[in-house]
Amino acid sequence: MYKDKKVVVVMPAYNAALTLERTYREVPRDLVDEVILCDDASADQTSALARQLGVDHVIAHPSNRGYGSNQKSLYRKALDIGADIIIMVHPDYQYTPKLIPTMCNIIGEGLYPVVLASRILGMGALRGGMPKYKYVANRFLTLVQNILINYKLSEYHTGYRAFSREVLQTIDFEANDDDFVFDNEMLSQIIYHRFDIAEVTCPTKYFPEASSINFARSSKYGLGVLRVSLIHRLARWGLSKPAIYRKKQ
């Protein structure tokens, strides 16, 4: 608990058996009440290892549904068990769970309802081994998004993020894509509904066991990001009413 607020960590997993234990061991269980892992039909022993480690809730998709669908299952479960602060940590150990107390504090003290752990603030991304083409693409896409969405973030593409319960109860994350662009649609929804976002500097690690999408999927993601930004701008101008910006009923 953080001041009577239930803290839940959610982990979207796919073939994470080699890195899950390192990630899980750094989760501060004196602060985090429950951990949920969703295994998106991994080909390894991710689910079995999660249960062995003592993860509180293990969801196993019978077939691969995609990164976005994985998060949908996690957020539904987090809300069902009464989470007040929800922190997403990838179990591939690219981001350290040691930032959880800081992110939890920002939300728990009512400073911001959303916190992003940014790889771009400082030099964390390049020092951690982010491929240069991904760094350049990240900077370009973020520049375009800041202009179109009319917000200012150092990056829109981190997978390490925290939300208050109110945020997940307001935005219709179920309407989002089931693939990687889900993350971007979610931030667009958050900004559209005028929730403020904090950023904290985050070190990152790129190594063979860490998950990463290839160039082709990165390109598809980049085009999806531009589409989301344009849709956001049109919605702000009142020229369209996309389903993703409806509030939950």
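One is the number of the first residue; the rest follow in order along the sequence.
- Looking at heavy atoms from C-beta onward, Ile87 lies in side-chain contact with Cys104 at the 4.5 angstrom threshold.
- The two residues Pro12 and Leu74 come nearest to each other via the heavy atoms N-CD1, 3.4 Å.
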Next on the checklist: Evaluate Tyr67 against His90 for ring-ring contact (aromatic ring centres under 6.0 Å, His included), listing each step before the verdict.
Outcome noted: CA-CA 11 Å; Tyr67 174 64; His90 288 188; 5.5 Å; yes
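- Distance CH2/Trp237 to NE2/His232: 11.5 Å, rounded to 0.5 Å.
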Next on the checklist: side-chain contact (heavy atoms from CB on, under 4.5 Å) for Leu141 and His157? Distances and angles first, verdict last.
Outcome noted: CA-CA 9 Å; Leu141 289 173; His157 316 292; 3.7 Å; yes
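- A donor-acceptor contact shorter than 3.5 Å links the side chain of Tyr95 to the backbone of Gly159.
- At a threshold of 4.5 Å between side-chain heavy atoms, the hydrophobic network of Ile, Leu, Val, Met, Phe, Trp and Tyr places Val167 and Leu187 in one connected group.
- Considering only heavy atoms from C-beta on, Tyr75 comes within 4.5 Å of Phe163 through its side chain.
- Linking ILVMFWY residues whenever their side-chain heavy atoms come closer than 4.5 Å, directly or via other members, leaves Ile149 and Ile147 in distinct clusters.
- Across Val58 and Arg51, no two heavy atoms sit closer than the pair CG2-CG, 3.8 Å.
- The side chain to side chain donor-acceptor pair (under 3.5 Å) with Glu155 is formed by just one residue from the set Arg119, Arg139, Gln145; it is Arg119.
- Between Ile171 and Met186, the closest side-chain pair of non-hydrogen atoms falls below 4.5 Å.
- Side-chain contact between Thr23 and Met11 is present, with at least one heavy-atom pair separated by less than 4.5 Å.
- A donor atom on one side chain and an acceptor atom on the other are found under 3.5 Å apart for Asn176 and Gln189.
- We find the OG-CG distance between Ser63 and Asp40 to be 7.5 Å, quoted to the nearest 0.5 Å.
- Hydrophobic clustering (ILVMFWY, side-chain heavy atoms < 4.5 Å, transitive): Leu99 and Ile86 are in distinct clusters.
- Under the 3.5 Å distance criterion, with hydrogens and angles disregarded, a donor-acceptor pair is assigned to the side chains of Ser42 and Asp39.
- When all heavy atoms are compared, the tightest approach of Thr201 to Leu121 is CG2-O, 3.3 Å.
- Residue Phe180 comes nearest to Asp177 through the heavy atom pair N-OD2, 4.4 Å, listed as atom of the first residue, atom of the second, then distance.
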Checklist entry - Does the pair Ile81 and Glu34 meet the rule for a side-chain contact (heavy atoms from CB on, under 4.5 Å), with working shown? => result CA-CA 9 Å; Ile81 63 175; Glu34 298 186 54; 3.7 Å; yes
Checklist entry - Would Gln169 and Leu79 count as a side-chain contact (heavy atoms from CB on, under 4.5 Å) if you check the C-alpha gap in whole Å, the side-chain angles of each, and the deciding distance to 0.1 Å? => result CA-CA 8 Å; Gln169 287 182 319; Leu79 291 174; 4.1 Å; yes
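- Between Glu174 and Lys72 no salt bridge is recorded (no basic side-chain N to carboxylate O distance below 4.0 Å).
- Counting all heavy atoms, side chain and backbone alike, Pro97 lies closest to Val89 at CG-CG1, 4.1 Å.
- Note that CG of Leu20 is 9.5 Å distant from CZ of Arg25, once rounded to the nearest 0.5 Å.
- Taking every heavy atom of both residues into account, Tyr221 and Asn184 meet most closely at OH-ND2, 3.5 Å.
- Residues Cys202 and Thr158 fail the side-chain proximity criterion, which asks for heavy atoms closer than 4.5 Å.
- Asn70 places a side-chain N or O within 3.5 Å of a backbone atom of Cys38 that can act as its donor or acceptor partner.
- Summarising the local packing, CD of Gln45 is surrounded by 12 or fewer heavy atoms from other residues, nucleotides or ligands at distances under 6.0 Å.
- With 3.5 Å as the limit, one finds a donor-acceptor pair spanning the side chains of Glu26 and Tyr93.
- Between the side chain of Arg165 and the main chain of Ala83, a donor-acceptor pair closer than 3.5 Å is present.
- In the hydrophobic clustering of this structure, Ile197 does not group with Val200; members are Ile, Leu, Val, Met, Phe, Trp, Tyr whose side-chain heavy atoms approach within less than 4.5 Å, directly or through other members.
- Between Glu185 and Arg227, at least one side-chain nitrogen of the basic residue sits less than 4.0 Å from a carboxylate oxygen of the acidic one, meeting the salt-bridge criterion.
- Residues Val32 and Val35 have side chains in contact (heavy-atom distance under 4.5 Å, counting atoms from C-beta outward).
- If you check the side chains of Ser118 and Ser154, you find a donor sitting under 3.5 Å from an acceptor.
- Using a 4.5 Å heavy-atom cutoff, the side chains of Pro101 and Pro28 are in contact.
- Under 3.5 Å, the side chains of Tyr156 and Asn146 contain a donor-acceptor pair of N or O atoms.
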Next on the checklist: Go through it in stages, so that I can follow the logic: the residues are Asp56 and Arg29, the test is salt bridge (charged side-chain N to carboxylate O under 4.0 Å, His left out), and I'd like the CA-CA distance, side-chain angles, deciding distance and then a yes or no.
Outcome noted: CA-CA 11 Å; Asp56 302 283; Arg29 290 311 306 258; 2.8 Å; yes
Item to check | Residue pair Tyr14, Asp92: steps toward the side-chain hydrogen bond (donor to acceptor under 3.5 Å, both in side chains) verdict | outcome: CA-CA 9 Å; Tyr14 179 68; Asp92 63 356; over 6 Å; no
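- Without hydrogens or angle criteria, Asp172 side chain to Lys248 main chain gives no donor-acceptor distance under 3.5 Å.
- In this structure a side-chain-to-backbone donor-acceptor pair under 3.5 Å is present from Ser229 to Val225.
- The number of heavy atoms from other shown groups lying within 6.0 Å of CG (Asp80) is above 12.
- In terms of modelled atom types and a separation under 3.5 Å, the side chain of Tyr160 and the main chain of Thr96 share a donor-acceptor contact.
- No more than 12 heavy-atom neighbours from other residues, nucleotides or ligands sit within 6.0 angstrom of CD on Glu166.
- In this structure a side-chain-to-backbone donor-acceptor pair under 3.5 Å is missing from Asp196 to Tyr112.
- Rounded to the nearest 0.5 angstrom, Thr142 OG1 and Asn138 CG are separated by 4.5 Å.
- Tyr245 and His193 form no side-chain donor-acceptor contact under 3.5 Å, judged by distance and modelled atom types alone.
- Between the side chain of Asp84 and the main chain of Lys5, no donor-acceptor pair closer than 3.5 Å is present.
- If you check the side chains of Ser73 and His61, you find a donor sitting under 3.5 Å from an acceptor.
- A chain of hydrophobic side-chain contacts below 4.5 Å, direct or via other Ile, Leu, Val, Met, Phe, Trp or Tyr residues, connects Tyr24 to Ile100.
- The shortest side-chain heavy-atom distance between Ser164 and Ile85 does not fall under the 4.5 Å cut-off.
- Distance CG/Leu239 to CD1/Ile231: 12.5 Å, rounded to 0.5 Å.
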Item to check | Residue pair Met88, Asp183: steps toward the side-chain contact (heavy atoms from CB on, under 4.5 Å) verdict | outcome: CA-CA 11 Å; Met88 180 173 73; Asp183 272 354; 4.1 Å; yes
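- Under a 3.5 Å cut-off, the side chain of Arg65 and the backbone N or O of Asp179 do not form any donor-acceptor pair.
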